[in-house]
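A short write-up of the structure that comes next.
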Number of protein chains: 2
Amino acid sequence: MAAADLSTHPGHLARRLQQAHTLLWTTMVSEETTSPQFAVLNALVEKPDTDQRTIGEHVRLDRSTIADLVARLAGRGLVERVRDPLDGRRNVLTLTDEGRKVHRRLVTRTARMNKVFLAPLDEGEREILLRLIARVADAAEELRGQG
Amino acid sequence: MAAADLSTHPGHLARRLQQAHTLLWTTMVSEETTSPQFAVLNALVEKPDTDQRTIGEHVRLDRSTIADLVARLAGRGLVERVRDPLDGRRNVLTLTDEGRKVHRRLVTRTARMNKVFLAPLDEGEREILLRLIARVADAAEELRGQG
DNA sequence: TCGGATTGCTCAGTGCACTGACTAATTCGA
DNA sequence: TCGAATTAGTCAGTGCACTGAGCAATCCGA
């Protein structure tokens, strides 16, 4: 049985793309705060005082993963977790001043990093790449919803 | 500080793409054998009896990760690790009959899965997506090489 | 209103992926 | 040839990401 060329495997390319991004992130943005953590801080700037599950859904992290991640952010004093008095099941998340400060600092660095990351492509190609990825990911997430 | 839209962040999209792929993989290809594991089996079909580091480099896994992964494959009896008698530092990897069998079975399933994964795109768009990802990943891996 | 279903969270377990430290084997230059 | 540098592998530690089980709070229909 012939072995297939890995460069035709979207899964392998997706993994390489993410690895490449993580590498660049840690060197150009932050060693302490990861990209998914930044996504959560970002989401909390957009919609403050949102419950954990909703934030997780927004940044596409499942219950377990968002719980772990938030625990780390809370441990570093960037967010606070408070049980919702109106609904005892929910954890409401709040950015601390320190969390806001970290977020602010990373916004500019992230923009700089994204430029370097996509530097091999021209402006049109960048748009196309992001759009195509979004379409594939959206469709797969649809499938998931239907189970 | 305004929060940026996540859909413009290539890192976030890359993560979503990989998550989507993993989800489809486990439902359509295998629950036991992961996509990176398949990549290793595939590499061993291409170049039998190669040492662990070379295989890892080929599938883009670092020393630690390939070691863990190969240990799992060895535990399931799909590959064998033998110390190279000519160079006592190397682990030479060999596919077992069972490993070859598993690989053969997954090749067709993977092809089927890739079709579904990329179904939202037309033929031209698929090519473009794969090429653009490869260019970005290649460039980032170049940066890495230079430190 | 009360009991079953749903919802939100946590915990345990598994796997990918990285860094940094360590060991052992090999290589190469003075 | 011998010692320093390089190379391959392992191990410990951290973080992302998922499943499946379990628990407590809430919701909703008979």
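Chain naming here is simple, since letters A, B, ... match the order of the sequence lines and numbering starts at 1 in each. Nothing here was measured: the structure is a model prediction, and the numbers come from that model. Any value given below was found using the heavy atoms of this structure, including those in side chains, with hydrogens, waters and symmetry copies removed.
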Of the options C:dC9, D:dG15, C:dA12, whose atoms approach the side-chain atoms of A:Ser64 most closely? C:dA12
Output the single nucleotide from C:dG8, C:dT26, D:dG15 whose closest atom is nearest the side chain of B:Arg89. C:dT26
Return each pair, listed once, that meets salt bridge (Lys or Arg N to Asp or Glu O under 4.0 Å) where at least one residue sits in [range]; pairs must be two or more places apart or across chains.
| range | answer |
| --- | --- |
| residues 17-39 of chain A | none |
| residues 109-119 of chain A | none |
| residues 33-45 of chain A | none |
| residues 13-24 of chain A | A:Arg16-B:Asp138, A:Arg16-B:Glu141 |

Short question: side chain of [X], backbone of [Y] - any donor-acceptor pair under 3.5 Å?
| X | Y | value |
| --- | --- | --- |
| A:Thr54 | A:Thr50 | no |
| A:Thr96 | A:Leu78 | yes |
| A:Thr65 | A:Leu61 | no |

Please determine if a side-chain N or O atom of A:Arg81 lies less than 4.0 Å away from the OP1 or OP2 oxygen of C:dT10. yes
Using heavy-atom distances to pick each residue's nearest nucleotide on DNA chain D, tell me which of A:Pro36 and A:Asp87 is more 5'. A:Pro36
What parts of residues 19-34 of chain B reach DNA chain C, counting only heavy atoms under 4.0 Å away? B:Thr34
Proximity to DNA chain C (any heavy atom under 4.0 Å), residues of residues 51-63 of chain B only: B:Leu61, B:Asp62, B:Arg63
Would A:Asp51 and A:Arg90 count as a salt bridge (charged side-chain N to carboxylate O under 4.0 Å, His left out) if you check the C-alpha gap in whole Å, the side-chain angles of each, and the deciding distance to 0.1 Å? CA-CA 6 Å; A:Asp51 70 293; A:Arg90 288 185 159 88; 3.8 Å; yes
How would you label the contact of A:Arg16 with the nucleic acid (heavy atoms, under 4.0 Å): base, sugar-phosphate, or nothing? nothing
